[in-house]
Amino acid sequence: MSKALDGVRILDFTHVQSGPTCTQLLAWFGADVIKVERAGEGDATRGQLRDVPDADSLYFTMLNHNKRSITLDTKKPAGKEVLETLIKQCDVLVENFAPGALDRMGFTWERIQELNPRMVVASVKGFGPGPYEDCKVYENVAQCAGGSASTTGFDDGPPLVTGAQIGDSGTGLHLALGIVTALYQRNATGRGQKVLTAMQDAVLNLCRVKLRDQQRLEHAGVMEEYPQFSDGRKFGDAVPRAGNASGGGQPGWILKCKGWETDPNAYIYFIAQAPVWKSVCQVIGREEWITDPDYATPRARLPRLMTIFATVEEWTKTMTKFEAMDILNKYDIPCGPILSMKEIAEEPSLRKTGTVVEVDHPKRGKYLTVGNPIKMSDSPTEVTRSPLLGEHTEEVLTQLGYSEQQIAALREDRVI
Ligand code: COA
């Protein structure tokens with residue numbers, strides 16, 4: 001079956017996580033992604049957090065499926081020539097080097113346009129233009145600079161970073177959308193364009209509700225769905241950390257379930273959604289709250305939310321998170337078990353949909369990965385293993401028009 005991005009050729013000059021997430025997605029949609037790496041070491045993540053000696057790390061394999069790898073020293077004149085050929089024959093160049101690295105290599109936007117005016121040049125940088133534009137940035141720096149850390153955690157503790165890689169993978173997702181949009185516009189204009197996603201911007205976009213709350217705080221002085229309000233604590237002048245409160249209009253909290261004393265994930269997220277309030281009261285055996293004016297309306301409940309959650313918790317503590325889930329779902333009460341990575345890895349339904357996939361790798365054997373979270377009816381994803389370093393150098397150079405002798409000479413000169 002054909003794929004959505006069949007025929008799109010991508011010069012993948014990415015490394016670590018943010019850029020590779022983006023090009024992996026494009027590869028899953030059918031693009032031919034050619035990953036250009038330095039001979040010898042390649043993408044630094046190949047060797048980082050290794051769990052199997054001499055095999056590419058899971059860090060690398062789980063971010064580089066469905067790609068081809070070529071080795072190329074782009075600082076040598078002959079390497080630059082190969083890169084020029086690649087630029088002429090590809091539709092998109094994706095890079096996430098430190099600011100200015102591509103220019104220093106001699107491939108400015110102007111030069112790339114001379115070589116291929118149809119090329120889309122997509123970059124991840126830590127920051128957009130401004131005081132920090134020259135800084136190198138990793139995941140947690142972006143989470144801190146994008147407003148996530150200051151709004152995550154509890155207000156009696158320090159700022160927290162989240163386990164979700166919103167700075168890296170979140171930025172890669174944004175960039176992928178920019179790339180396909182630029183390709184779509186190219187159909188009409190015939191021109192490529194620059195696409196930039198700054199990690200700070202991507203994180204802030206995902207923290208949009210917190211900038212909303214900053215302005216609500218400035219207007220009203222309090223935010224009634226925050227635990228600070230229910231606890232009678234003072235708000236400062238910036239959005240506080242809200243613990244496990246819901247970021248939306250439906251009050252929610254994480255509650256203990258049976259086994260919480262020894263199992264760190266014996267918890268459930270519980271939402272006291274207004275339309276099912278009556279059912280909530282019935283399920284936990286507090287029918288009097290249905291008509292009690294202190295509890296009967298969402299507004300009346302706001303200053304009492306933490307008491308309400310504590311009462312519901314007395315009920316959830318009597319059963320496992322899955323038992324609580326079964327009961328609450330019967331009444332349409334929104335809730336979700338806190339799933340450990342072990343539980344997710346073993347969940348049959350995620351295997352069935354291709355969200356968790358088992359992949360075989362010649363050097364490390366079988367491993368699990370997260371498949372394409374975007375399912376398309378006419379462009380199915382088959383996850384294939386990540387390439388070994390330089391596995392496709394000869395194949396790609398031959399496709400680019402290089403002869404056997406030329407390839408041998410490049411190898412001799414350690415260009416590839
Ligand atoms: N051949 C020759 N040189 C190559 C090469 C190749 N195939 N591929 C990369 N290089 C060179 C680059 O040109 C650069 O050289 P220069 O510093 O002389 O200009 C050098 O390798 C190092 O690249 P750099 O991007 O600076 O790597 P780093 O390890 O020092 O920094 C980051 C890593 C991630 C901090 C940095 O790339 C960055 O800030 N990227 C943008 C933000 C980002 O994506 N961060 C998230 C990462 S998950």
Side-chain angles (χ1 to χ4, degrees), residues 11-24 34-49 57 59-60 62-64 67-87 93-108 111-112 121-130 132-146 148 161 164-176 178-179 194-203 387 389-390 392-393 396-397 410-411 413-416:
L11 196 178
D12 181 7
F13 227 168
T14 68
H15 63 153
V16 207
Q17 186 181 164
S18 63
T21 320
C22 164
T23 50
Q24 177 170 261
I34 302 166
K35 184 167 174 106
V36 177
E37 298 177 81
R38 247 185 298 208
E41 55 183 299
D43 187 327
T45 59
R46 285 186 186 266
Q48 283 173 4
L49 311 177
S57 69
Y59 194 7
F60 177 84
M62 290 178 71
L63 288 164
N64 290 285
K67 303 180 186 179
R68 298 196 283 173
S69 163
I70 70 165
T71 48
L72 188 65
D73 185 338
T74 58
K75 289 206 169 151
K76 291 193 168 145
K80 285 189 203 300
E81 274 174 36
V82 176
L83 193 63
E84 285 183 6
T85 312
L86 268 167
I87 289 173
L93 183 157
V94 192
E95 63 93 18
N96 67 314
F97 292 127
L102 200 59
D103 291 357
R104 287 195 289 280
M105 217 182 266
F107 292 91
T108 59
R111 176 71 187 129
I112 293 170
V121 179
S123 303
V124 169
K125 295 290 164 258
F127 293 91
Y132 303 123
E133 65 188 309
D134 293 329
C135 297
K136 287 186 174 182
V137 169
Y138 283 106
E139 170 70 47
N140 288 344
V141 176
Q143 288 197 22
C144 293
S148 177
V161 294
Q165 303 285 283
I166 57 176
D168 280 336
S169 291
T171 305
L173 271 167
H174 282 84
L175 192 72
I179 291 169
K194 283 191 278 184
V195 179
L196 168 69
T197 307
M199 294 167 74
Q200 181 186 37
D201 298 3
V203 171
L389 180 59
H392 304 96
T393 306
V396 170
L397 289 184
L410 288 169
R411 206 173 278 293
D413 295 340
R414 307 181 83 82
V415 172
I416 54 176

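This structure is a prediction, so every number in the text was calculated from the model and none was measured. FYI, side chains are in, hydrogens and waters are out, and symmetry mates aren't considered; it's all heavy atoms of this structure. As the structure lists them, so they are numbered: ligands from 1, and atoms in each ligand from 1.
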(request) Using a 4.0 Å heavy-atom cut-off, say whether Lys136 meets ligand 1 through its side chain, its backbone, both or neither. (result) both
(message) Applying the side chain to side chain contact (heavy atoms under 4.5 Å, CB included) criterion to Phe13, which one of Leu72, Thr23, Thr74, Ile34 satisfies it?
(response) Thr74
(message) Closer than 4.0 Å to some heavy atom of Ser18 - which atoms of ligand 1 meet that?
(response) 43 (C), 44 (O), 46 (C), 48 (S)
(message) Test of understanding: with side chain to side chain donor-acceptor pair (under 3.5 Å), list the residues that count as partners of Thr45, not counting sequence neighbours.
(response) Asp43
(message) As a test of understanding, state which of Leu63, Asn96, Asn64 forms a side chain to side chain contact (heavy atoms under 4.5 Å, CB included) with His15.
(response) Asn96
(message) Need the ligand 1 atom indices (1-based, order shown) with element for anything under 4.0 Å from a heavy-atom of Val16.
(response) 47 (C), 48 (S)
(message) Under 4.0 Å between a side-chain nitrogen and a carboxylate oxygen: does that hold for Glu95 and Lys125?
(response) yes
(request) Compute the shortest N/O to N/O distance between Lys125 and ligand 1 and return yes if it is under 3.5 Å, no if not. (result) no
(request) Compare Leu72, Asn96, Thr21 and give the one whose heavy atom is closest to atom 41 (C) of ligand 1. (result) Asn96
(message) Closer than 4.0 angstrom, basic N to acidic O: yes or no for Lys67 and Asp12?
(response) yes
(request) Output the distance between atom CZ (Arg411) and atom OG1 (Thr393), rounded to the nearest 0.5 Å. (result) 6.0 Å
(message) Taking 4.0 Å as the limit for heavy-atom contacts, which would you say applies to Val124 with ligand 1: side chain only, backbone only, both, or neither?
(response) both
(request) Give a yes/no verdict on whether any heavy atom in His15 is under 4.0 Å from an atom of ligand 1. (result) yes
(message) Could you tell me, atom by atom, which parts of ligand 1 come under 4.0 Å of a heavy atom of Asp73?
(response) 1 (N), 2 (C)
(request) With the side chain counted from C-beta on, respond yes when Ile166 and Ser148 share a heavy-atom pair under 4.5 Å apart, and no when they do not. (result) yes
(message) Are Leu83 and Leu11 packed together at the side-chain level, in the sense that at least one heavy-atom pair is separated by less than 4.5 angstrom?
(response) yes
(request) Considering only non-hydrogen protein atoms, determine which one is nearest to atom 19 (O) of ligand 1 and report residue, atom name and distance to 0.1 Å. (result) Arg104 NE, 2.7 Å
(message) Checking the N or O distance criterion of under 3.5 Å, is ligand 1 in contact with Ala101?
(response) no
(message) Closer than 3.5 angstrom, by distance alone: can the side chain of Ser57 be matched with the main-chain N or O of Gln48 as a donor-acceptor pair?
(response) yes
(request) Check each heavy atom of Arg38 against ligand 1 and say whether those closer than 4.0 Å belong to the side chain, the backbone, both or neither. (result) both
(request) Compute the minimum heavy-atom distance from Met199 to ligand 1 and say whether it is under 4.0 Å. (result) yes
(message) Distance under 4.0 Å to a non-hydrogen atom of Gln17: what atoms of ligand 1 satisfy this?
(response) 48 (S)
(request) Please check if atom OH in Tyr132 has more than 12 non-hydrogen atoms from other residues, nucleotides or ligands closer than 6.0 Å. (result) no
(request) Using side chain to side chain donor-acceptor pair (under 3.5 Å) as the criterion, point out the one residue from His174, Glu139, Gln24, Gln17 that pairs with Ser169. (result) Gln17
(message) I need the single residue from Ile70, Leu93, Val82 that forms a side chain to side chain contact (heavy atoms under 4.5 Å, CB included) with Val36. Which is it?
(response) Ile70
(message) Distance under 4.0 Å to a non-hydrogen atom of Asp168: what atoms of ligand 1 satisfy this?
(response) 46 (C), 47 (C), 48 (S)
(request) Around atom 26 (O) of ligand 1, find the nearest protein heavy atom and jot down its residue, atom name and distance. (result) Ala98 CB, 3.2 Å
(message) Quick test: of every protein heavy atom, which one is nearest to atom 34 (C) of ligand 1, and how far off is it to 0.1 Å?
(response) Tyr138 CE2, 3.8 Å
(request) Would you tell me which option among Thr71, Thr74, Asp43 has the nearest heavy-atom contact to atom 1 (N) of ligand 1? (result) Thr74
(message) Counting non-hydrogen protein atoms only, what is the nearest one to atom 9 (C) of ligand 1? Give residue, atom name and distance.
(response) Phe97 CE2, 3.3 Å
(message) Going by the closest heavy atom to atom 42 (C) of ligand 1, which one wins out of Val141, Val137, Ile70?
(response) Val137
(request) Between Glu41, Lys75, Met105, flag the one that comes closest to atom 14 (C) of ligand 1 by a heavy atom. (result) Lys75
